[in-house]
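Numbers restart at 1 for each chain; the letters A, B, ... are given by sequence-line order, proteins then strands. Only this structure's heavy atoms are used, side chains among them; waters, hydrogens and symmetry mates stay out.
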Amino acid sequence: MTRGPSDSGPQGAAALRGSMDATTAPHRIPPQMPQYGEANHIFELMQNMLEQLLIHQPKDPIPFMIDHLQRDNDYVPKIVILGPPASGKTTIAMWLAKHLSTNLLSVESLIAKEYSPLAADARMHYQKFKMVPDMLLIRLMQERLKEEDCVRRGWILDGIPETREQALTIQTLGISPRHVIVLSAPDTVLIERNLGKRIDPQTGEIYHTTFDWPPESEIQNRLMVPAGIFEGETARKLLEYHRNIVRILPSYPKILKVISADQPCVDVFYQALTYVQTSHRSNAPFTPRVLLCGPVGSGKSLQAALLAQKYGLINVCCGQLLKEAVADKSKYSDLIQPFFEKEIAVPDNIIMKVLKQRLDQQDCVERGWVLHGFPRDLDQAHLMDNLGYKPNRVFFLNVPFDSVIERLSLRRTDPITGERYHLMYKPPPTIEVQARLLQNPKDSEEQIKLKMDLFYRNSAELEQFYGDAITLNGDQDPYTVFEYIESGIINRLPKKVP
Amino acid sequence: MTWCPGLSQSGARQVTGRKGRSRATATLPGRLATAQLDAMEARSSRELQARNYLEKHRIMDLLTYLTSALLFFRPERPREYLISILERLRIARLSGVALPFFMDNSNIASMFEMLDSSNKGSISFVQYKEALKTLGLCTAEEVLKDDGHGVTFDKFRNEVNKRTQEIWSAF
């Protein structure tokens with residue numbers, strides 16, 4: 001929805017008036033703005049653009065920004081894979097490159113490049129000294145990364161940077177990876193493994209006599225033994241690697257992940273793939289609007305209270321809201337009262353009105369909310385969605401029936417002090433108190449069973465409606481469940497792996 | 001600066017590498033100390049360079065304007081919208097056509113009316129300063145002269161236009 005500049009006058013002025021008449025009162029920002037910002041990742045967009053501007057510092061910022069926006073390559077893979085010899089770096093790098101359809105760069109591929117005077121130079125050097133000087137390698141890499149396909153589809157660096165100096169030079173040139181994977185395994189394993197290494201001269205793929213033997217006999221016949229795989233050579237290379245890697249790792253503090261290479265190749269690959277597809281936590285401003293769903297007794301109210309206490313969110317319990325509306329004798333109390341008296345469910349549109357009133361208040365808009373007890377079925381969810389209250393985190397708490405019975409049927413209340421007890425988790429202190437405890441009729445087994453059935457009938461549709469929902473095991477102690485919920489809110493929503 | 005972590009630290013370490021090796025200070029702690037000082041200097045010089053760049057081209061103002069436009073108009077395709085605004089800016093600068101201001105004359109008029117609730121034709125100095133601050137056209141420390149007569153609509157409009165023009169001429 002777009003608005004012309006003429007519309008902005010009164011609204012902009014209204015915002016200004018709000019700030020000016022009481023300069024200490026907070027701005028009333030319409031909730032659509034932060035929702036739009038979150039949905040389109042505006043903060044990250046601007047942050048990436050600013051980073052690029054600062055790295056390259058172009059004389060003419062505006063054409064540079066136009067180019068950057070058109071390229072749209074904020075999320076292409078930019079990966080560095082490091083690891084000791086024989087750890088399976090090249091294999092993992094090749095598989096990742098194929099899976100993410102991106103370009104693979106390694107020392108061999110850079111110097112094998114045709115039509116480049118730099119590469120010819122490097123080849124000469126390599127033949128004489130068996131290594132490429134740092135500056136030459138970095139320039140080759142820079143040249144390669146400027147090419148169109150690397151810019152558009154991203155890159156994976158296999159085994160570069162080899163030393164700290166290379167790492168620093170790369171950084172100053174403005175080339176920074178978004179994910180760095182370091183493979184690690186004990187030295188003895190690596191030396192053993194290296195003895196079985198075989199290379200297919202045609203495709204360049206690496207095979208192993210024990211772990212990764214090609215099934216086709218024609219490949220088996222043409223496999224060659226590469227140079228430098230005997231123990232002495234491997235040990236020397238390992239020493240050098242250990243010397244260098246320790247000084248490279250501190251350059252990539254937050255984007256590093258160490259994966260153990262002492263497991264089957266497929267496992268390493270899957271770990272690497274999941275890591276590479278997660279995006280890091282961003283600094284974007286984020287107002288959590290959390291929805292907790294689960295059967296009765298799953299701990300929703302407790303978790304909501306913990307969240308409200310720790311993060312300052314507003315705890316909106318639907319049942320509580322309705323009871324408050326009746327008790328306050330507000331305009332809705334006459335509408336809701338008869339339903340309470342007859343003990344039937346309050347109709348959706350009345351609930352929605354009360355809820356809307358609460359969620360529109362300034363503190364909910366500003367600090368975010370935790371909603372539980374609503375919606376209970378698909379119609380209610382659609383109703384809430386149409387009115388514009390879209391939660392940005394949804395959690396489903398799963399608790400098996402027996403745990404629910406245990407949690408609820410043992411609840412008791414002391415009629416004299418009003419204190420609530422649980423015969424297993426919080427038993428009453430004295431026999432006297434225990435003797436006079438009463439149970440809420442709603443906590444009887446048949447009632448619980450009815451409510452659970454009701455929930456599970458509707459839950460499948462709700463899970464489908466909230467596609468991004470996170471399902472948690474609610475059958476643990478409350479603080480563990482709380483930690484899971486916290487990590488679900490703080491980290492970005494996981495992208496579904498296709 | 002939190003926005004460019006790699007930039008400031010790396011520049012520093014690179015200089016440490018070069019200078020640390022060539023200085024012939026006798027003791028190891030002495031060498032380390034000079035390296036540290038060099039590192040701090042280099043870090044701050046790269047940072048200073050970056051800050052100067054930001055100020056010279058008024059990048060933060062531009063980004064604030066772009067973000068406010070995006071959040072206000074909420075286009076379906078944010079990248080294309082940003083590209084269109086930047087193109088208009090580029091053309092405007094080359095050909096001298098009027099720049100796409102966020103608020104035009106009618107907005108300034110409505111804003112003045114809202115501030116001047118009793119319709120006496122002028123707003124107080126405090127209101128005027130707050131309005132400029134909210135629009136991002138003056139900083140909190142800037143001292144504006146108060147001529148004691150209150151600010152009329154013409155003066156308000158001229159001042160807003162003048163400051164907006166100043167900002168835009170840097171892009």
> Measuring from A:Leu45:CG to B:Leu70:CG, what's the distance to the nearest 0.5 Å?
Replying inline: 7.5 Å

> Can you say whether A:Lys254 sits under 4.5 Å from chain B via the side chain, the backbone, both, or neither, judging by heavy atoms?
Replying inline: neither

>> According to salt bridge (charged side-chain N to carboxylate O under 4.0 Å, His left out), who are the partners of A:Asp134, at least two apart in sequence or on a separate chain?
In response: none

> Taking only residues two or more places apart in sequence, or in another chain, which ones meet A:Lys257 in a salt bridge (charged side-chain N to carboxylate O under 4.0 Å, His left out)?
Replying inline: none

> Taking atom CD of B:Glu80 as the centre, does the number of heavy atoms from other residues, nucleotides or ligands within less than 6.0 Å exceed 12?
Replying inline: yes

> Near B:Arg79 CZ, under 6.0 Å, is it more than 12 heavy atoms from other residues, nucleotides or ligands?
Replying inline: yes

>> Let me confirm one number: the CZ-CG distance from B:Arg46 to A:Leu54, rounded to the nearest 0.5 Å.
In response: 11.0 Å

>> Can you tell me which of A:Ile42, A:Asp60, A:Asp72 forms the most heavy-atom pairs within a distance under 4.5 Å of chain B?
In response: A:Asp72

> Side-chain contact, heavy-atom cut-off 4.5 Å: B:Leu82 with A:Met65?
Replying inline: no

> So what's closer than 4.5 Å to chain B heavy atoms on A:Leu69: side chain, backbone, both or neither?
Replying inline: both

>> Return the NZ to NE2 distance between A:Lys59 and B:His57, rounded to the nearest 0.5 Å.
In response: 8.0 Å

> So do the side chains of B:Leu54 and A:Leu53 get within less than 4.5 Å of each other, counting heavy atoms only?
Replying inline: no

>> For a 4.5 angstrom cut-off between non-hydrogen side-chain atoms, does B:Arg74 reach A:Met33?
In response: yes

>> Test your reading of the model: is there a side-chain donor-acceptor pair from A:Tyr36 to the backbone of B:Phe72, 3.5 Å cut-off?
In response: no

> When rounded to the nearest 0.5 angstrom, what distance separates CD1 in A:Ile66 from CD1 in B:Ile83?
Replying inline: 7.5 Å

> Just wondering, do B:Leu62 and A:Pro61 contact through their side chains at under 4.5 Å, heavy atoms?
Replying inline: no

> To the nearest 0.5 Å, how far apart are CE in A:Met46 and CG in B:Leu66?
Replying inline: 5.0 Å

